[in-house]
Engineer: 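Sharing a structure below in structure tokens format, with a few things to ask.
All chains are named by letter (A, B, ...) in the order of the sequence lines, taking the proteins before the strands, and each is independently numbered beginning at 1.
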There are 2 protein chains.
Amino acid sequence: MSADTKVQILDAAESLFSEHGFGDTSLRTITSQAKVNLASVNYHFGSKKQLIQEVLQRYLTVFMPAVDDQLTHLLQKHPKPDVSQVFSCLVEPLLSLNQIRPDGTAIFVRLLGRGYSESQGHLRKYITFHYGEVLRRFVQAVHLAVPQLSPAEIFWRLHFAIGTFVFTMASSKALSEIALADYQQDVTVQGIISRLMPYISAGVGAQATETSVNPLLDIA
Amino acid sequence: MSADTKVQILDAAESLFSEHGFGDTSLRTITSQAKVNLASVNYHFGSKKQLIQEVLQRYLTVFMPAVDDQLTHLLQKHPKPDVSQVFSCLVEPLLSLNQIRPDGTAIFVRLLGRGYSESQGHLRKYITFHYGEVLRRFVQAVHLAVPQLSPAEIFWRLHFAIGTFVFTMASSKALSEIALADYQQDVTVQGIISRLMPYISAGVGAQATETSVNPLLDIA
DNA sequence: AACCAATTCAAACAATAGTTTGAAATGTAT
DNA sequence: ATACATTTCAAACTATTGTTTGAATTGGTT
């Protein structure tokens, strides 16, 4: 069964990639966990690079259209949404990934984190190229929520938000362990997302200090 | 001159590490850029791991005490500071790194970003171990600024802030290029920091939604 | 059952990694 | 200037990486 081998490789790869990163996960580790032959990766995927791509693709093809739907529903209900409403368009699509694959949400967001920080812009370009329309609609929705911000400011705020999200998720395992040890908190991905939302919403919606040149003057 | 060789290695290493990450920078690349022999890294530093540590140490020994001083001055002036005042304690120490080494600020924050996302918690532990007292004072200052937040909530907010900061800086090169192309913005590290501050301050100071279990309910 | 394509497999390959070695060179103190 | 310790250097070593190869096996079709 060839499909089985492919799926087993993808399953093993996504779990290992999300935990140790792309560079630090060897094909031998993947194939031994997937219980398939080493050469089958190159046979079925061509190269490690393409394997990484397909691992991400499997999630993006589900996630991105789901976000698009959420945006459509939100905007026809609330032509003038607020920031938290716009960002909440990401929540349900994210959590729905848990139904596709066990722990799918956590795996996907960690993969995103790895992809953004390890692949030196490759993932960003890939997403921009394949899902540019969804991104534009999202940015447009944010613009509706904070019309007082300039497009440039929104650009920065959005990447701050991506950073918050992606970094938190990439280190979610370590953070969860600390939270359990220090605060007796049992943390789920869902819990982290619900804690993230107020932070991101407030951050993106914060009043801009566009004109200032010297950051020291802003604060003192 | 042995000191020269050591310094040349450190200088080349920090620049390459910050740009391509620790794993993707080989000792051969470092030594060829530093114009020294390959073996001199192991001779002077013992191993690549220790080289990475010393690269970070060179900045941390300057940065951390500077933050500590800022906190001292802030708290004796404002026993009840606000969030932006607390976070602004990081700004001057960060910018002062530019006086130690050309582009020092950018290099340091990118190294931090790499260290946090690539070293699977090693850097976090290292900083906690060697500068735990400064960290505690910072957390305490944040607590003074947002006393309504529980310690656990502050823990999460702080790591959100670290994530925002570190991720943004790690991708600052790419982001700056996009900003220049799309918005004709000439971006400096200082400029990014000044844009970050309102976002982080608002995010950390946001009203908590501690009790909720279902994140979907928070937003809808 | 025979045939052909698809897949699996063990083995080897080429490239790169960090590290070690021992001789050569340099510097320093007597 | 001699003797000693420090530093540099080219080369080799060991391990790991992604990839390729060609034979063996499997699967489906006639």
Side-chain angles (χ1 to χ4, degrees), chain A residues 1-58 111 114-115 117-123 125-126, chain B residues 1-58 110-111 114-115 117-123 126:
Chain A
M1 298 180 206
S2 120
D4 236 35
T5 302
K6 258 190 108 166
V7 171
Q8 274 172 308
I9 292 173
L10 285 169
D11 288 347
E14 70 171 24
S15 143
L16 289 165
F17 283 155
S18 80
E19 193 139 355
H20 306 109
F22 302 112
D24 289 346
T25 303
S26 72
L27 294 185
R28 282 168 178 81
T29 310
I30 293 172
T31 53
S32 86
Q33 168 153 336
K35 296 192 219 302
V36 300
N37 187 272
L38 168 63
S40 55
V41 172
N42 290 280
Y43 176 77
H44 285 286
F45 298 93
S47 68
K48 184 182 182 180
K49 207 168 183 170
Q50 286 171 58
L51 170 62
I52 295 174
Q53 209 173 82
E54 291 208 30
V55 164
L56 286 164
Q57 237 170 14
R58 214 159 50 136
L111 286 174
R114 301 288 185 182
S117 46
E118 285 184 32
S119 76
Q120 82 237 30
H122 283 5
L123 178 61
K125 285 164 199 159
Y126 179 85
Chain B
M1 299 176 202
S2 118
D4 236 34
T5 302
K6 258 190 108 165
V7 172
Q8 274 173 307
I9 292 174
L10 285 170
D11 287 348
E14 70 170 22
S15 143
L16 289 166
F17 283 154
S18 80
E19 193 140 354
H20 306 110
F22 302 113
D24 288 347
T25 303
S26 72
L27 294 185
R28 284 168 176 81
T29 309
I30 294 172
T31 52
S32 85
Q33 167 152 333
K35 295 191 220 302
V36 301
N37 187 273
L38 168 64
S40 54
V41 171
N42 291 279
Y43 176 78
H44 285 287
F45 297 92
S47 68
K48 183 182 182 180
K49 206 168 183 171
Q50 285 170 60
L51 169 62
I52 295 174
Q53 207 172 84
E54 291 208 29
V55 164
L56 285 164
Q57 236 169 15
R58 216 161 48 138
R110 280 183 210 139
L111 286 175
R114 300 289 185 182
S117 46
E118 285 183 33
S119 76
Q120 83 240 24
H122 283 5
L123 177 60
Y126 179 86

Engineer: Show me the donor-acceptor pairs within less than 3.5 Å that the side chains of residues 33-42 of chain B make with the rest of the protein, sequence neighbours left out.
Structural biologist:
{"unit_1": "B:Asn37", "atom_1": "OD1", "unit_2": "B:Ala39", "atom_2": "N", "d": "2.9"}
{"unit_1": "B:Ser40", "atom_1": "OG", "unit_2": "B:Asn37", "atom_2": "O", "d": "2.4"}

Engineer: Under a 4.0 Å heavy-atom cut-off, which of residues 15-42 of chain B touch DNA chain D?
Structural biologist: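 Heavy-atom contacts with DNA chain D come from B:Arg28, B:Asn37, B:Ala39.
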
Engineer: Nearest whole Å is fine: how far is D:dT20 P from A:His44 NE2?
Structural biologist: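 My rounded result for the distance is 15 Å.
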
Engineer: NZ of A:Lys48 versus C1' of D:dT17: gap in Å, rounded?
Structural biologist: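 That distance rounds to 8 Å.
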
Engineer: Check salt bridge (Lys or Arg N to Asp or Glu O under 4.0 Å) between B:Arg114 and all other residues, then give those that pass, not counting sequence neighbours.
Structural biologist: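 B:Arg114: salt bridge (Lys or Arg N to Asp or Glu O under 4.0 Å) contacts with B:Glu118.
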
Engineer: Using a 3.5 Å cut-off and no angle test, enumerate the donor-acceptor pairs between side-chain atoms of residues 11-19 of chain B and protein atoms at least two apart in sequence or in another chain.
Structural biologist:
{"unit_1": "B:Asp11", "atom_1": "OD1", "unit_2": "B:Arg58", "atom_2": "NH1", "d": "3.2"}
{"unit_1": "B:Asp11", "atom_1": "OD1", "unit_2": "B:Arg58", "atom_2": "NH2", "d": "2.9"}
{"unit_1": "B:Glu14", "atom_1": "OE1", "unit_2": "B:Arg58", "atom_2": "NH2", "d": "3.1"}
{"unit_1": "B:Glu14", "atom_1": "OE1", "unit_2": "B:Tyr59", "atom_2": "OH", "d": "3.0"}
{"unit_1": "B:Glu14", "atom_1": "OE2", "unit_2": "B:Tyr59", "atom_2": "OH", "d": "3.1"}
{"unit_1": "B:Ser18", "atom_1": "OG", "unit_2": "B:Glu14", "atom_2": "O", "d": "3.4"}
{"unit_1": "B:Ser18", "atom_1": "OG", "unit_2": "B:Ser15", "atom_2": "O", "d": "3.1"}
{"unit_1": "B:Glu19", "atom_1": "OE1", "unit_2": "B:Lys173", "atom_2": "NZ", "d": "3.2"}
{"unit_1": "B:Glu19", "atom_1": "OE2", "unit_2": "B:Lys173", "atom_2": "NZ", "d": "2.7"}

Engineer: Tell me the bend of the helix from C:dG18-D:dC13 to C:dT30-D:dA1 as the angle between end helix axes, each from five pairs, rounded to the nearest 10 degrees.
Structural biologist: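 Its terminal axes enclose an angle near 20°.
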
Engineer: Under 4.0 Å between a side-chain N/O of B:Thr5 and OP1 or OP2 of D:dT7, yes or no?
Structural biologist: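 The answer is no; no side-chain N or O of B:Thr5 sits under 4.0 Å from OP1 or OP2.
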
Engineer: Does A:Thr25 offer a backbone N or O that forms a donor-acceptor pair with the side chain of A:Thr29 under 3.5 Å?
Structural biologist: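 Side chain of A:Thr29 to backbone of A:Thr25, a donor-acceptor pair under 3.5 Å: no, none is there.
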
Engineer: From CG of B:Asp4 over to P of D:dT6, roughly how many Å is that when rounded to an integer?
Structural biologist: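 Answer to the nearest Å: 19 Å.
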
Engineer: Name all residues meeting the ring pair (Phe, Tyr, Trp, His ring centres under 6.0 Å) criterion together with A:Tyr43; count only those two or more places apart in sequence or in a different chain, and write none if there are none.
Structural biologist: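 Scan of A:Tyr43 (ring pair (Phe, Tyr, Trp, His ring centres under 6.0 Å), adjacent residues dropped) gives none.
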
Engineer: Enter the distance from A:His44:NE2 to A:Ile9:CD1 here, rounded to the nearest 0.5 Å.
Structural biologist: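 Answer rounded to 0.5 Å: 6.0 Å.
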
Engineer: To the nearest 0.5 Å, what is the distance between CG (A:Leu56) and CD (A:Glu54)?
Structural biologist: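 If I round to the nearest 0.5 Å, the distance is 10.5 Å.
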
Engineer: Closest approach to the side chain of A:Tyr43, judged atom by atom: which nucleotide of D:dT8, D:dG18, C:dT7 is it?
Structural biologist: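 Side chain of A:Tyr43 sits closest to C:dT7.
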
Engineer: Closer than 4.0 Å, any side-chain N/O of B:Ser47 to the OP1 or OP2 of C:dG18?
Structural biologist: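 Answer is no, no contact under 4.0 Å.
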
Engineer: Take the protein atom CZ of B:Phe45 and the nucleotide atom C1' of D:dT7, then report the distance between them rounded to whole Å.
Structural biologist: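 Value for this atom pair: 14 Å.
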
Engineer: On a heavy-atom basis, which atom in A:Tyr126 and which in A:Gln57 lie closest, and how many Å separate them?
Structural biologist: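 The pair with the smallest heavy-atom distance is OH-NE2, 2.6 Å.
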
